[in-house]
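Below: one structure, written as structure tokens.
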Amino acid sequence: MTPVNTEFAKLPGSYLFSTVAKKVAAYTAEHPDAEIIRLGIGDVTQPLVPAVIKALHSAVDEMGAAETFRGYAPDLGYPFLREAIAKNDFKQRGCDISPDEIFVSDGAKSDSADIQELFGRYAVIAVCDPVYPVYVDSNVMAGRCGEYDKETQKWSRVVYMPCTEENNFVPMIPAERHDVIYLCSPNNPTGTAMKKADLQRFVDHANETGAVILFDAAYEAYITEPDVPHSIYECEGAKTCAIELRSFSKNAGFTGLRLGYTVVPKELERGGLSLHDMWARRHGTKFNGAPYIVQRAGEAVYSAEGKAELKEQLSYYQNNAKTIRDGLVSAGFTVYGGVSSPYLWLKTPNNLNSWEFFDLLLDKARIVGTPGSGFGPHGEGYFRLTAFGTHENTVKAMERVNSLGLSHFMA
Ligand code: MLT
């Protein structure tokens, strides 16, 4: 018998968003006329902006002419994109990140799943609870999480940092031993964002203990509060302890185009090894570069035209977040997030569990959201809605919730 990776057998049967999609498909099959509004997975609905489309067209034309055709992209990314990223996302924010510390990829989901390959099998990971499931699932696949306890819904070798109403959803540094700390701010799923002082505490701690922080900043474009850092490198000392993951999905609508990047500073070393060189080696071996046309589209995000158009698109989604927040509050829900984030985190009424509320909201208001418990045990009793729907649907969803009234979602 061929030995297989039996760690996969420990995972839930399907990925959270696949489970949601299956449930919705079953509901639609039973109720073919139901007009369903999807505010579940954080997938964008607005088209790519004209500057990006123009760059794509022109790159496609280049690919059709012998003189300008490109084959394999440089595995770490084209210099034109790495330079644009370094200048716009970091230098202009006062962060000293050079283009060769930036590794272009096909998106933050794969990077956040793959980055754990840098760490030893017995590294202990610390995650927020609730948490984006990719961080934990990818470590489970690598055999790093031990056993799953159904009762507590916890993995035996994972350290949890509960993010609750009591601590304003800000993780505390855990007392137990840990080697790798996943942080996501603005946070998926709670929609709350870490202030600079809170993040600096983690950076200082990681430098003192030798832990490494994996900082997911996929939602940084949504930050509206002044004391919330857009990058971990705004914190002093972060270059010796932190890796940052970024995406073009939520700030530029690239969910279907696929582009992201990871920053691994050259100063970051553990056990006498450079994590920068390790990631370069890993990227070079396992990745053949994001497509040229997509990297040109990414470059257009930083053009004057692209920036102006994307500012407008961002406002569109931010306005949706406000619409949801106001709509839920006026219906009597307790709601968090949505200020520096496209995610809203609401407390289910009447202590319903997250999946019970999912069924009620789908059945009564025909709205799809994401059950908080799918993100971890402390997500139980919560529910996530996204601001990435169309404005018309977002308004309609809130009208449905308000016309039904809170009592309809109690049992
Ligand atoms: C989410 O809904 O949490 C995200 O869109 C999923 C992702 O980015 O992979």
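Just follow the structure's listing: the first ligand is 1, and inside any ligand the first atom is 1. Residue numbers run from 1 in the order of the sequence given.
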For ligand 1, which atoms sit closer than 4.0 Å to a heavy atom of [X]?
X	value
Asn188	1 (C), 3 (O)
Arg384	1 (C), 2 (O), 3 (O)
Lys109	9 (O)
Gly42	1 (C), 2 (O), 5 (O)

Problem - Short N or O distance, Lys250 and ligand 1, threshold 3.5 Å exclusive - result: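 N/O-N/O distance below 3.5 Å exists for this pair.
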Problem - Contact check: Phe17 vs ligand 1, nitrogen or oxygen atoms, below 3.5 angstrom - result: no
Note: [X]-[Y] ion pair, threshold 4.0 Å (strictly below):
X	Y	result
Lys347	Glu165	yes
Arg82	Glu101	no
Lys196	Glu234	no

Exercise for the section: Assess Asp43 for proximity to ligand 1: is some non-hydrogen atom of it under 4.0 Å away? Expected result: no
Practice task
Look at ligand 1 and say whether Tyr343 reaches it with a heavy atom at a distance under 4.0 Å.
Solution key: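 Tyr343 counts as a contact of ligand 1 under the 4.0 Å cut-off.
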Tell me, please, whether [Y] has [X] positioned over its six-membered ring: NZ or CZ under 6.0 Å from the ring centre and within 45 degrees of its axis?
X	Y	result
Lys364	Phe409	no
Arg384	Tyr343	yes
Arg296	Phe80	yes

Fill in the blank from the handout: Note: heavy atom closest to atom 9 (O) of ligand 1, options Phe375, Phe388, Tyr132, belongs to Tyr132
Handout entry: Within 6.0 angstrom of Met410 CE, more than 12 heavy atoms from elsewhere
Key =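 It does: Met410 CE has more than 12 such atoms within range.
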